Amino acid sequence: MCALKTFRNGGVHPPENKLSVTSAIEVFPVPRQAVIPVNQNLGAPATPLVNKGEAVKVGQLIAKGESFISSNVHSSVSGKVLKIDEMIDQTGFRKKAIVISVDGDEWDPSIDRSPMLKKEITLSKEDIVKKIHEMGIVGLGGATFPSHVKLMVPEGKKPEYLIINGVECEPYLTADHRLMLEKTAEIIVGVRILMKGLGVEKAIIGIENNKPDAIRKMAEAASEYPQILVQGLKVKYPQGGEKQLINALLGREVPSGKLPIEVGCLVNNVGTAFAVYEAVQKNKPLIERIVTVTGKTIARPSNYLVRIGTPVQELLLSAQADLDRTGKVVSGGPMMGKALNSLEVPVVKGTSGVLLFAEEHSSRIQLRACIRCGRCVGVCPMGLEPVLLAQYSARSMWDNAESNLIMDCMECGSCHYTCPSGRPLLDYIRMGKNKVGQNIRNRGKK
Amino acid sequence: MIFAVVSLSAIGLISAVVLYLIAQKFKVVEDPRIGTVEESLPAANCGGCGFAGCRNFAEALVKKADDEKSLEGLNCPVGGAEVMKKVAAVLELEAVETEPMIAVVRCQGSYNNAPSKVRYEGAATCAFAHNLYAGTSGCAYGCLGLGDCVAACIFDAIHMDPETGLPVVNDKCTACGACVKACPRNIIELRFKGKKDRRIYVGCVNKEKGGPARKNCTVACIGCGKCVEACAYEAITLVDNLAYIDFVKCRLCRKCAPVCPTDAILEINFPLKKDKEAEPAGGKKATVETSTDSSPADADKKAPAEGDGLIISENK
Amino acid sequence: MSLLTVSGSPHIHSDQPVPKIMYGVVIAMIPAMLVSFYFFGLGAAKVMLTSILACLFFEWVIQKYLLRGPLTINDGSALVTGVLLAFNVPSSLPVWMTITGAFVAIAVAKMSFGGLGQNPFNPALVGRVFLLMSFPVQMTTWPIPKPLFGGTAVTDAISGPTTLGIVKEGLDAGKTVSELLPQLPTYAGELLGNQGGSLGEVSAIALLIGAAWMFWKKIITWHIPVSYILAVVIFSGIFWLINPEQYLDPVFHLITGGMMLGVFYMATDMVSSPINTKGMLIFGAGCGILTMIIRLWGGYPEGVSFAILIMNAFTPLINRSFKPRRFGVVKPS
């Protein structure tokens, strides 16, 4: 392990607030009703395969991803399909979901439920990718990109490094940290599987140095594999962004508008590596994940192993949330998470955490005029000028926004976080990205 | 003194000659009718005609008159009938009257009808809020109340009503279509103003099934279809759980509104039958199309383009 | 449970809103304020108080009655302008002139452009330059510092020129630097504040203490001050090395006149300076070079105010020409 590194441009240091870091992973009980959306990933929704009234088992395929960028969905519970209906998602919109009324906990017999560690990788490279596809694995870092698609390297590109993201740069979240402490060996096997699936000889696991125990444990477990390096990193947000992580670990810069494969890298979250281990070695599809339930109005900040489709409300109850004092509930971390419209939403593949804010911390700071201080420019990890991009978006100057590389923005929120005047920078930039993205697509169609 | 007078006069004369010669050399030859037509136009440069300003529109009018001997499809919504008659006269064509139109807000999700379930904080523009979340009431199709339509209007014709949280259109509306484009949820539509300024339309654009729609808003269209049955002129269609009244076919017979179980159908400016009055009356200008053959005017051509997604107007 | 709040991410915020920044600058200026009261007594206090109250009043009255918009006098920016304006004038300035200066600074240089964040020029400097142009005599007559306790006054006179003024006149009259040196305050005197000048110009040490505070609290960054100082040192250093009898040494230039005040408090005004670091370095260097040109060959002994105002005019151009390094964009060779 070498000296600490970090990425070059920008970045901020929000207070860490890792309230749940000492809480070991708890297996959360099976819910009474599971609401499983058919679209839990970036890309097209899956097509339901079951009908109302049908009995399902844990791990059974209930929706199939048909297009190139889509993912299979499996049942996380056993019981009967109650209905296939439009249910509220975390943004308040209604999306198609399979609602299952839970009865017992019967698993598909093909799944290996034994806790024994399986180190030997028997599948071939192509079969690994197929298995990951079959088992509905998506990126568990939050972006939920279908993992099998990520492993399909385009023609002419040569992958050199597999990068594993153990950074967890978002404040409050500790799911990945606990996973690295408690399932270390499994993660290393998962890393090796991914290396084989990608066809690379080298892997680097990046971990921020506010997790010294995780760095130690992971380094120990990886010590018998010289091709896997564990690298400590200085704490800085947004180090978990794949471009920033590659820059920090290897000093390489992914070219604007291109993917990490251009510099020979592929990035996967530790959680995804663990899910890949379970998928390939234990034949277990993605049906549960670790969710950090935390916040200052939570009496018991916890890390739960939750079945997909469990209502968020149940998690909050178990963690002893004081809902009367709560003003905002966020799915994900405080920098990039989505504010929930209602608590009657389910945990989905991308839910890394549920974060509660007290009333007094739920509002933004007072809005004032921009004082052109340039702090937003200084903290932008992509070297953009958020003050200008937000102005262009607000005034509908789409061409200017595009030529100032608004599409490079990764929506990390550092600019908005730093602005002394409380300007809603990221709101306008998101709006601009949406419109400029449309313009680009329309141009492409012509 | 004499020297000063002589020298300055000489400079003046020389400059005048030089300017004249340059003006002649760089003169742009153009059709003088374009200038005359442009003078007849209201000079609002609003883009309601679909062109980039009145000059551009004048050029298009002259070109069309020359090519097709008609001005079909070209209309100045701001100037209306008077202006199009003048233009027709300049170009030696005949003018034909068409139906005047007005912008109509097809949502009644006020604070009372669609109570807030969450509190919004963020950029004060509908274009952003539309993608962030469904809406404070939970209705993913309803008005967000942040006023992109108000910001887009250059005629002072639409304002937010602070009591209801919905926009209200007034007399000054020229049906230029700016608010229609600005609304990210396509809630605003251009419809016929109607005889005696009366119109009937469905005040809802919610495409969800009846149950969820009604849960969020008490006056939502639940797609029951009773209005479709009641209409004797086949003016009402039901698509995606939403009823729509075709304003060309509608005869204002008022048979549909009473049968609607959620009071989603609005009747504007009719005499009080029951307690059903919503928006104030509006509009003064008539839109006119000119053509040499007297085909029935097709005001549908001014209907807003659907599915334009995020069009963002100037924000405050 | 009351309604949940829905907003776009991020949902947390750094703890440095605008008032904190502005009041931070005011706190940084307290050491210099105290020194000015020590050396110039009641006159200094009078000017300071007048300036602050006038600035706050004008901003309040314009926002409340003219613009009829939200009141923002509690964000601290008018307070900062008030203190900076006072720092830029002699302590003997009549009250009504101070008020006029405050009016120009706030109403003309700031509010007429749209208030905080919209002014292209540093308001305090605009006020100062206006006063200098309109009331040259009163603005160039400085009371001799009379320490309140301990220390001795430089001369027994009541008023006299600044150090730079003495040097300029002397050099113009043909004297050399070594002939002039006995007339000038010592280095120590200049550092501490025992020299003629406007309220905030005199004590380099007090200003440096304030600057250190601002760096620690991350209110300002190093780019403008460092580039400004480097440009001054290099420029004046070259000439001093060529002819030490005609040109003063760089250290002297750094600690006299409004240099320290300009470098740390005026040039770093966020609104009128560039937004990215490359631009800031160019801005600082430009200020330094212009200051030295005016000091050495211009008509005025002091060039800081004019240099900064000129560079303020260039800020939009600098912002447009110098963009930050974009991640992942390789410049074609």
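Quick note on labels: first sequence line is chain A, next is B, and so on, each numbered from 1. Remember, it's a predicted structure, so these values are computed and weren't measured experimentally.
The backbone N or O of C:Thr5 sits nowhere less than 3.5 Å from a side-chain atom of A:Ser362 that would complete a donor-acceptor pair. A:Arg372 contributes no side-chain N or O that, together with a main-chain N or O of C:Met270, makes up a donor-acceptor pair within less than 3.5 Å.
For a residue to count as touching a neighbouring chain, one of its non-hydrogen atoms must lie under 4.5 Å from one of that chain's; by this rule A:Lys258 does not touch chain C. Residue A:Asn9 touches chain C through its side chain alone, counting heavy-atom pairs closer than 4.5 Å. In this structure, chain C has a heavy atom under 4.5 Å from the backbone of A:Cys370, while its side chain stays farther away. Heavy-atom distances place the backbone of A:Pro381, and not its side chain, under 4.5 Å from chain C. Interface residue C:Lys218: only backbone heavy atoms are found under 4.5 Å from chain A. With a threshold of 4.5 angstrom between heavy atoms, A:Val387 approaches chain C through side-chain atoms but not through N, CA, C or O. Interface residue A:Val329: backbone and side-chain heavy atoms are both found under 4.5 Å from chain C. Contact annotation for A:Leu355: neither backbone nor side-chain heavy atoms come within less than 4.5 Å of a heavy atom of chain C. Heavy atoms of C:Asp75 lying under 4.5 Å from chain A belong to its backbone as well as its side chain. For C:Leu116, the parts lying under 4.5 angstrom from a heavy atom of chain A are both the backbone and the side chain. Contact of A:Leu405 with chain C is made through the side chain alone, with heavy-atom distances under 4.5 Å.
Between the CD1 atom of C:Ile275 and the CD1 atom of A:Ile371 there is a distance of 12.5 Å, given to the nearest 0.5 Å. Rounded to the nearest 0.5 Å, atoms CZ (C:Phe327) and CZ (A:Arg8) are 9.5 Å apart. Atom OG of A:Ser363 is separated from atom NE2 of C:His13 by 12.5 Å, given to the nearest 0.5 angstrom. Of the inter-residue distances, the one linking A:Leu426 atom CG with C:Ser7 atom OG reads 11.0 Å to the nearest 0.5 angstrom. How far OG1 of A:Thr326 is from CG of C:Leu4: 8.0 Å, rounded to the nearest 0.5 Å. A distance of 11.0 Å separates CG in C:Leu3 from CG in A:Asn341, rounded to the nearest 0.5 Å.
Side-chain contact between A:His416 and C:His11 is absent, with no heavy-atom pair separated by less than 4.5 Å. A:Asp408 is not listed as a side-chain neighbour of C:Arg326, based on a closest heavy-atom distance of 4.5 Å or more. Side-chain contact check for C:Lys323 versus A:Glu385: some heavy-atom pair is nearer than 4.5 Å. Here the side chains of C:Ser14 and A:Arg375 are not in contact, with every heavy-atom distance at 4.5 Å or above. Side-chain contact check for C:Arg325 versus A:Glu253: some heavy-atom pair is nearer than 4.5 Å.
The number of heavy-atom neighbours closer than 6.0 Å to CZ of C:Phe215, taken from other residues, nucleotides and ligands shown, is above 12. More than 12 heavy atoms of other shown residues, nucleotides or ligands fall within 6.0 angstrom of atom NZ in A:Lys18.
Contact count against chain A (heavy-atom pairs under 4.5 Å) is highest for C:Ile12 among C:Asp269, C:Thr221, C:Ile12, C:Ile21. Of the listed residues C:Ile219, C:Asp15, C:Asn119, the one with more heavy-atom pairs under 4.5 angstrom with chain A than any other is C:Ile219.
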Subject >> side-chain hydrogen bond (donor to acceptor under 3.5 Å, both in side chains) evaluation trace for A:Arg430 with C:Ser9 >> reply: CA-CA 10 Å; A:Arg430 281 210 173 99; C:Ser9 63; 2.7 Å; yes
